[in-house]
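Read the structure below first, then the notes.
In listed order, ligands and their atoms are each counted from 1.
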Amino acid sequence: MVWSTSWLFHAIVTASLAIGTACSQPSGHEAITRDVCIIGGGASGTYAAVRLQDLGFSVTLIEQDDSLGGMVNTYTDPDGDIPIDYGVADYRSNISVVESFLKRLDIAYGPSESTEGTTVRANLDTGQRVLNYTSPNALDALTRYGEVAAKYSELEHGYYLPEPVPEDLLMPFGQFIEKYNVSGVIHVVYRSYGDILHQPTLYVMKYFGANAIYNLFNGFIGTKSQNNSEIYDKAARVLSGNVMLHSHVVSTNMTADGDGLIEIRVQSPLGLEIIRARKLVITIPPLISNLDGFDLGNSEKTLFGQFQSVGYYTSLVQNTGLPANTAVLNTNSNNLYDLPTLPSVYQIVPTKGTGLYQVEYGSPSPQPIESVKSDILASIRRLKTTGIANVTEDGEPQFVAFASHTPFQLTVPADAIKSGFYSKLYALQGQKQTFYTGAAFHAYDSSLLWRFTEDLLPKISSGLN
Ligand SMILES: Cc1cc2nc3c(=O)[nH]c(=O)nc-3n(C[C@H](O)[C@H](O)[C@H](O)COP(=O)(O)OP(=O)(O)OC[C@H]3O[C@@H](n4cnc5c(N)ncnc54)[C@H](O)[C@@H]3O)c2cc1C
């Protein structure tokens with residue numbers, strides 16, 4: 001068995017950092033005036049900021065966390081100095097903006113590396129090994145699935161849906177699998193979707209379309225350093241004084257004096273900063289709960305209020321007791337397609353850090369972090385009681401790193417898609433000089449998001465010269 005480092009196979013504590021109330025006083029600085037203020041320093045926001053600055057516009061990037069990168073998580077072993085990516089792994093090899101962006105940041109890249117090893121199928125609810133497991137024929141299924149997906153390649157550029165929306169895209173993915181006899185694809189793509197069999201097929205195709213299949217067969221690319229944080233550290237240097245970390249928006253408003261600027265009040269470690277920007281780019285998950293203080297109109301509230309989300313978590317654990325180079329895939333033979341019963345661990349996969357395993361966990365809806373963590377540790381302990389893992393001299397399994405990327409997979413029900421949700425969502429672009437990018441507006445994939453953001457730049461920059 002080969003584990004691609006790809007996200008497809010390896011399919012974060014939302015860092016709502018408590019900004020000290022001690023800093024809630026005005027910083028005393030002058031208001032900052034910028035062409036564009038960008039909210040959220042993950043894949044989309046960092047890309048937008050670097051590109052707009054390169055195009056000659058002044059920018060400020062606001063990020064709540066202590067670094068840029070969003071779903072990129074890199075752990076560096078204190079002894080060995082080996083970086084281990086346990087969030088974003090790799091990028092698409094056939095999308096030109098990916099290479100341009102990596103080159104711009106002087107990042108060495110090449111084909112993604114895979115790891116070889118043994119795979120154990122076990123039911124992590126019981127810790128029991130699944131015997132006589134036969135893998136479905138993924139190759140045939142991928143070919144057939146790819147033929148249908150090719151009809152919707154526009155989706156890889158955005159939510160550009162045919163009108164009326166085809167039934168294939170609206171039907172639950174479980175029904176689509178049966179219709180096209182493609183159950184072999186499920187194990188390639190099931191992680192990160194929550195209850196994938198009930199998700200409208202649209203969401204699977206948005207990420208897992210013909211382009212993803214091309215990359216699956218021809219290989220993804222990754223950083224030579226195998227350290228995805230390198231991309232965002234270098235981007236932070238390029239943006240230097242124009243990034244505000246540990247910061248969040250307190251309010252946004254069109255300025256009263258009618259000069260066409262948007263006033264964005266930001267709580268930063270230095271106090272309350274005021275940014276006056278000609279355009280605003282929002283890249284953070286557009287949930288009403290995450291947009292407190294934003295000047296939302298009724299359309300935004302109605303649309304954003306319809307999003308549902310799932311829980312998706314990744315971590316690095318030591319003392320698992322698993323034999324070297326052994327991965328455990330959670331497999332429940334009582335379920336259709338042997339899928340695990342969520343919430344649960346999806347998989348436990350060895351990393352290049354000695355004794356460190358990446359554990360991915362999913363749930364159909366966001367879960368308290370403590371219950372995710374205790375379920376992960378209990379699942380590993382069960383493997384020790386059944387002998388799949390050994391009892392370790394160093395003792396109990398322990399987290400070395402943990403990240404919640406929740407809310408993940410923002411979706412709306414099939415009825416809303418059918419009634420034109422995405423046309424209405426895209427109609428928000430440019431209203432009140434505000435633009436949107438990010439996964440909810442396109443797809444859960446950095447490469448696709450960089451391209452989507454690139455395509456949006458002419459609209460964002462229009463009128464700024
Ligand atoms: C475990 C895992 C593995 C993955 N592997 C891959 C992979 O190999 N390849 C790939 O292409 N994709 C991968 N993805 C998916 C990909 O990373 C995401 O789709 C992508 O990062 C989404 O980009 P974004 O800009 O929408 O959001 P993010 O990258 O999440 O960025 C949003 C940023 O906004 C910040 N933020 C949120 N709310 C606020 C607020 N109120 N105020 C200020 N800041 C805020 C967040 O801290 C974050 O930094 C993976 C995801 C996970 C969870």
Side-chain angles (χ1 to χ4, degrees), residues 4-17 19 37-49 61-74 85-93 95 98 112 191-192 206-208 211-212 215 220-223 228 231-232 236 243-250 252 264 266-268 281-294 310-316 346-347 349 358-362 401-410 436-453:
S4 162
T5 51
S6 153
W7 150 242
L8 286 167
F9 288 101
H10 288 218
I12 309 183
V13 192
T14 303
S16 36
L17 290 170
I19 304 298
C37 177
I38 301 142
I39 318 293
S44 315
T46 305
Y47 185 90
L61 176 58
I62 314 293
E63 166 59 42
Q64 66 184 5
D65 216 338
D66 59 358
S67 59
L68 299 182
M71 301 196 195
V72 166
N73 302 108
T74 311
D85 281 318
Y86 63 102
V88 174
D90 40 30
Y91 307 94
R92 302 197 184 200
S93 57
I95 293 191
V98 172
S112 285
R191 298 195 321 277
S192 85
K206 277 292 294 161
Y207 160 69
F208 193 60
N211 184 285
N215 276 272
F220 288 78
I221 55 173
T223 58
N228 280 305
I231 299 173
Y232 293 90
V243 178
M244 291 171 68
L245 297 173
H246 285 288
S247 301
H248 69 274
V249 171
V250 176
T252 67
I264 302 125
V266 174
Q267 189 64 57
S268 86
V281 176
I282 299 179
T283 78
I284 60 181
L287 294 177
I288 302 286
S289 56
N290 198 28
L291 292 169
D292 203 20
F294 283 77
V310 308
Y312 194 31
Y313 313 83
T314 177
S315 60
L316 288 176
Y346 283 123
Q347 59 179 25
V349 178
Q358 185 193 356
V359 183
E360 270 180 44
Y361 189 98
F402 181 91
S404 163
H405 290 290
T406 306
F408 199 80
Q409 207 62 253
L410 269 61
Y436 296 87
T437 172
F441 270 75
H442 184 22
Y444 283 78
D445 180 275
S446 311
S447 309
L448 294 183
L449 283 172
W450 291 344
R451 182 169 67 183
F452 179 81
T453 306

Inset, instruction - Using distance alone, decide if ligand 1 has a nitrogen or oxygen within less than 3.5 Å of any nitrogen or oxygen in Ser247. - result: no

Inset, instruction - Could you list which atoms of ligand 1 come closer than 4.0 Å to a heavy atom of Ser446? - result: 10 (C), 11 (O), 12 (N), 16 (C), 17 (O)

Legend entry - Ligand-side contact atoms (ligand 1) for residue partner Ala89, heavy atom cut-off under 4.0 Å: 5 (N), 6 (C), 7 (C), 8 (O)

Inset, instruction - Would you check whether Gln64 has a nitrogen or oxygen atom less than 3.5 angstrom from a nitrogen or oxygen atom of ligand 1? - result: yes

Legend entry - Sub-4.5 Å side-chain heavy-atom contact between Leu410 and Tyr444: yes

Legend entry - Side-chain heavy-atom pair Ile95, Asn211 within 4.5 angstrom cut-off: yes

Inset, instruction - Classify the contact between Leu449 and ligand 1 as side chain, backbone, both or neither, using a heavy-atom distance cut-off of under 4.0 Å. - result: side chain

Legend entry - Under 3.5 Å: N/O of His248 near N/O of ligand 1: no

Legend entry - ring pair (Phe, Tyr, Trp, His ring centres under 6.0 Å) partners of Tyr91, counting only residues at least two apart: Trp450

Legend entry - Within-4.5 Å side-chain heavy-atom neighbours: Leu291 and Ile284: yes

Legend entry - Atom indices of ligand 1 within 4.0 angstrom of Gly438 heavy atoms, with elements: 26 (O)

Legend entry - Residues in side-chain hydrogen bond (donor to acceptor under 3.5 Å, both in side chains) contact with Ser67, at least two apart in sequence or another chain: none

Inset, instruction - Give yes or no for whether the N/O distance cutoff of 3.5 Å, strictly under, is met between Tyr312 and ligand 1. - result: no

Inset, instruction - Check Leu449 against Ser44 and note the closest heavy-atom contact, atom names and distance. - result: CD1-OG, 3.7 Å

Inset, instruction - Could you tell me whether Asn290 and ligand 1 have an N or O pair separated by under 3.5 Å? - result: yes

Legend entry - Least distance between heavy atoms, Phe441 atom then Pro286 atom: CE1-CG, 4.1 Å

Legend entry - Non-hydrogen atom of Phe441 closer than 4.0 Å to ligand 1: no

Legend entry - For the student: nearest non-hydrogen atoms of Ile264 and Cys37, plus distance: CD1-CB, 3.6 Å

Inset, instruction - Check ligand 1 against Ala439 and write out every atom of the ligand that is under 4.0 Å from a heavy-atom position of the residue. - result: 26 (O)

Legend entry - Polar atom proximity, Thr314 to ligand 1 (N or O, under 3.5 Å): no

Inset, instruction - Examine distances only and state if a side-chain atom of Asn228 and a backbone atom of Val88 form a donor-acceptor pair shorter than 3.5 Å. - result: yes

Inset, instruction - For the residue pair Tyr312 and Tyr346, establish whether any side-chain heavy-atom pair is separated by less than 4.5 Å. - result: yes

Inset, instruction - Using distance alone, decide if ligand 1 has a nitrogen or oxygen within less than 3.5 Å of any nitrogen or oxygen in Gly45. - result: no

Inset, instruction - Examine Asp65 against ligand 1 and note whether any of their N/O atoms are separated by less than 3.5 Å. - result: no

Inset, instruction - May I ask you to check whether Pro285 has an N/O atom sitting below 3.5 Å from an N/O atom of ligand 1? - result: no

Legend entry - Proximal ligand 1 atoms for Ser44, defined as those under 4.0 Å from one of its heavy atoms: 24 (P), 25 (O), 26 (O)

Inset, instruction - Using a 4.5 Å cut-off on heavy atoms from C-beta on, say whether the side chain of Ile39 contacts that of Phe294. - result: yes

Inset, instruction - Could you tell me whether some N/O pair between Gly40 and ligand 1 is separated by less than 3.5 angstrom? - result: no

